[in-house]
Amino acid sequence: MDASSHPKPITIALAGNPNAGKTTLFNALTGLKQKVANYPGVTVERKEGPWTLGSREARVIDLPGLYSLDATSLDEQIASEILRGERSDLSKPDVVIAIVDATNLERNLYLVTQILERGTPAVVALTMIDVFERQRHEVDIETLSRLLKTPIVAVNAKTGRGVEDLADAVESVLGTSPEPLDLAEEDSSENARIFARYGFIADVVQESVRHNDRDRHRLSEKIDRVLTHRIFGLLILVAILLLIFQTIFSWSSLPMDLLEQGFGALAEAVKGSMPEGILADLVADGMIAGVGGVVVFLPQILLLFFFISLLEDSGYMARAAFLMDKLMSRVGLHGKAFLPLFSSFACAIPGIMATRTIENRRDRFATIMIAPFMSCSARLPVYTLMIATFFADRSIGGFLSVGAVLMLAMYSLGIVVAIIAAFVLKRTLLKAPPPPFLMELPPYRLPNLRTVIQNMITRAWLFLKRAGTVILAISIVLWALMYFPRTAPQEPVVNTPDVVQNESGEVGPEVSRESEQLKHSFAGKLGHAIEPAIAPLGFDWKIGVALIASFAAREVLVSTLSIIYNVGKDENEGSETLSSAVRNAKRDDGTPVWTPLTALTLMVFFVLAMQCMSTLAIVRRETNSWRWPLFMFAYMTILAYSFALVTYQGGKLLGFE
Amino acid sequence: MDIQTVIVLIILAAAIVFVGTMLLRKTRAFSLKGDCTSDCGCNTKAKKLNS
């Protein structure tokens with residue numbers, strides 16, 4: 001049939017491996033905006049859009065990523081059925097554009113051979129060619145095209161390179177009936193066909209690709225022998241993480257001090273310049289204290305993501321994934337669980353959404369159930385406040401800071417408990433054998449500074465946006481809960497002796513109006529109501545208020561403490577940092593509220609507690625049931641309470657304070 | 001009621017409305033879409049080919 005006389009609308013299917021660049025090319029062809037992420041399986045549903053092809057309109061269908069036509073998941077099955085023309089709701093595509101990632105040519109060509117075996121008119125769009133060339137490889141497109149007997153076009157969807165050539169190539173095959181690729185005898189077994197395809201691909205690649213990076217590959221292999229070693233590899237991973245945390249603490253202390261002093265001075269300036277009253281109290285003690293208490297941790301967030309980006313971009317993170325995969329498979333977790341779990345170190349929400357790449361429902365739910373144990377960036381301010389207040393000046397052996405060790409311990413505690421929880425879940429509620437997993441290790445390369453800085457800017461913006469909206473609004477509401485109801489000025493304050501520290505550091509009884517006011521506020525009453533439950537953990541009612549508030553978002557704990565110690569502060573007390581306010585806080589009997597042991601207990605509680613409303617909501621959606629988020633909340637809270645109780649009571653028994 | 005109290009009440013009301021709206025939007029965004037045959041979480045109006 002002649003192409004110009006094609007009677008029905010042209011249907012073009014985009015097919016290819018996950019992460020080959022299908023979605024980017026789809027956007028370039030149709031102009032539709034769609035999210036492109038860098039983890040496998042971003043295309044979780046089919047999408048379509050119009051593409052003007054010469055004088056005709058074509059309908060382009062973006063299929064889910066698939067490695068072969070022998071589908072294993074539902075998404076792959078649907079894509080495979082469309083390519084075979086086995087769907088009743090959709091005719092067989094007139095042309096298939098097979099997207100092939102040049103940097104993974106062998107793996108990507110497998111699907112192409114299967115498409116060509118069916119005699120479907122196809123064009124190969126070769127993506128990532130720029131990356132391939134930067135890796136010092138060359139591909140002879142003409143030879144590749146001759147061997148596959150189909151047009152091949154190198155495209156770069158971001159710059160538009162090759163898109164017009166692709167349109168020409170599609171038109172050239174439209175309406176034709178290509179001879180099917182004949183790789184094995186008609187009556188061959190499936191195994192023989194698979195071997196024939198891989199043999200053919202090896203020959204094609206051998207003939208059409210030239211590698212100029214043999215030395216670099218050899219070096220990568222030598223480095224990998226050490227970095228992926230089951231003992232040295234893990235030791236190096238721990239050493240790298242320790243170094244990162246130590247550097248974060250030492251580099252961020254100066255900008256954090258400056259920010260803290262800046263917010264303190266701003267609050268003082270507001271109180272000094274505004275007429276005394278409720279509005280000045282709201283602005284200084286509620287808004288500035290609440291938002292400032294969180295924003296001071298910006299330098300640490302920036303540094304954390306700077307180092308994460310460096311590790312990712314250099315290729316080391318793939319090695320860390322490889323090391324952890326061995327451990328995860330032993331407890332029954334799917335290898336694909338690593339990426340969702342790793343994403344959860346930034347935030348559990350994208351991590352939980354990334355579990356959609358795991359086909360088996362039980363494997364997926366097991367990963368969802370443990371993802372919130374990974375210490376997300378919202379926990380960082382809580383850890384940092386506790387470490388900076390009680391452990392900042394201590395070191396081990398004179399060079400290793402206790403803060404860095406504690407930070408690593410908190411991250412490790414989350415990972416260890418997650419692994420144990422997965423082990424139990426995979427042998428009880430979510431019993432299923434783990435499927436095999438293949439992981440590619442990219443060669444090492446110098447990190448791209450632009451990518452690293454871009455990642456830091458994105459994270460900083462998200463953090464500041466959250467501080468300026470959600471944290472600000474919650475701070476205002478919390479301030480009101482701590483400020484009201486007011487005791488009348490003429491009303492004598494209940495003469496409970498409250499203990500404050502004088503300049504010489506001595507402790508003595510003194511009447512504190514603001515402290516009494518806070519105690520009788522709405523938040524104070526709530527805090528007192530839950531105090532009996534948290535007293536065995538060493539927490540007083542003020543920490544209780546902060547714990548309840550932090551359910552909205554974990555970092556709200558810091559802003560709540562900041563507001564509590566500002567609202568509860570007497571007018572004659574000067575500005576002090578949150579760290580010193582925490583250190584100087586006293587109970588009614590004059591004993592300190594906070595000790596290093598209380599700080600450690602709070603950190604342990606925060607590692608394990610399900611203190612995030614948004615995470616519960618996403619689990620509800622991803623599991624399509626309230627049962628799983630409720631189960632998650634219950635088991636994580638029980639674990640957090642138990643671990644915190646053991647930490648505090650065990651610490652006391654051992655003589656720690 | 002003095003002017004400071006009025007301003008504080010307005011700010012407080014705005015904060016409560018913001019937090020409330022945020023909670024409501026989250027609850028809606030996290031619920032199932034009526035026109036989806038499966039819970040894909042797409043939150044788009046893209047035409048489903050198999051519906």
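Quick note on labels: first sequence line is chain A, next is B, and so on, each numbered from 1. Only this structure's heavy atoms are used, side chains among them; waters, hydrogens and symmetry mates stay out.
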> Where on A:I278 is there a heavy atom nearer than 4.5 Å to chain B: the side chain, the backbone, both, or neither?
Replying inline: both

> Do you know which two heavy atoms are closest between B:Q4 and A:E276, and how far apart they sit?
Replying inline: NE2-O, 3.9 Å

> Where is the tightest heavy-atom contact between B:I16 and A:V477, given as atom of each residue plus distance?
Replying inline: CG1-CG2, 4.0 Å

> Can you tell which of B:T5, B:D2, B:V6, B:I11 makes a side chain to side chain contact (heavy atoms under 4.5 Å, CB included) with A:L279?
Replying inline: B:I11

> Highest number of heavy-atom pairs under 4.5 Å with chain A: which of B:V19, B:V8, B:I3, B:I7?
Replying inline: B:V8

When the side chains of residues 467-475 of chain A are checked against the rest of the protein, which donor-acceptor pairs come out under 3.5 Å, sequence neighbours left out?
residue, atom, partner, partner atom, Å
A:T469, OG1, A:K465, O, 2.6
A:S475, OG, A:I471, O, 2.7

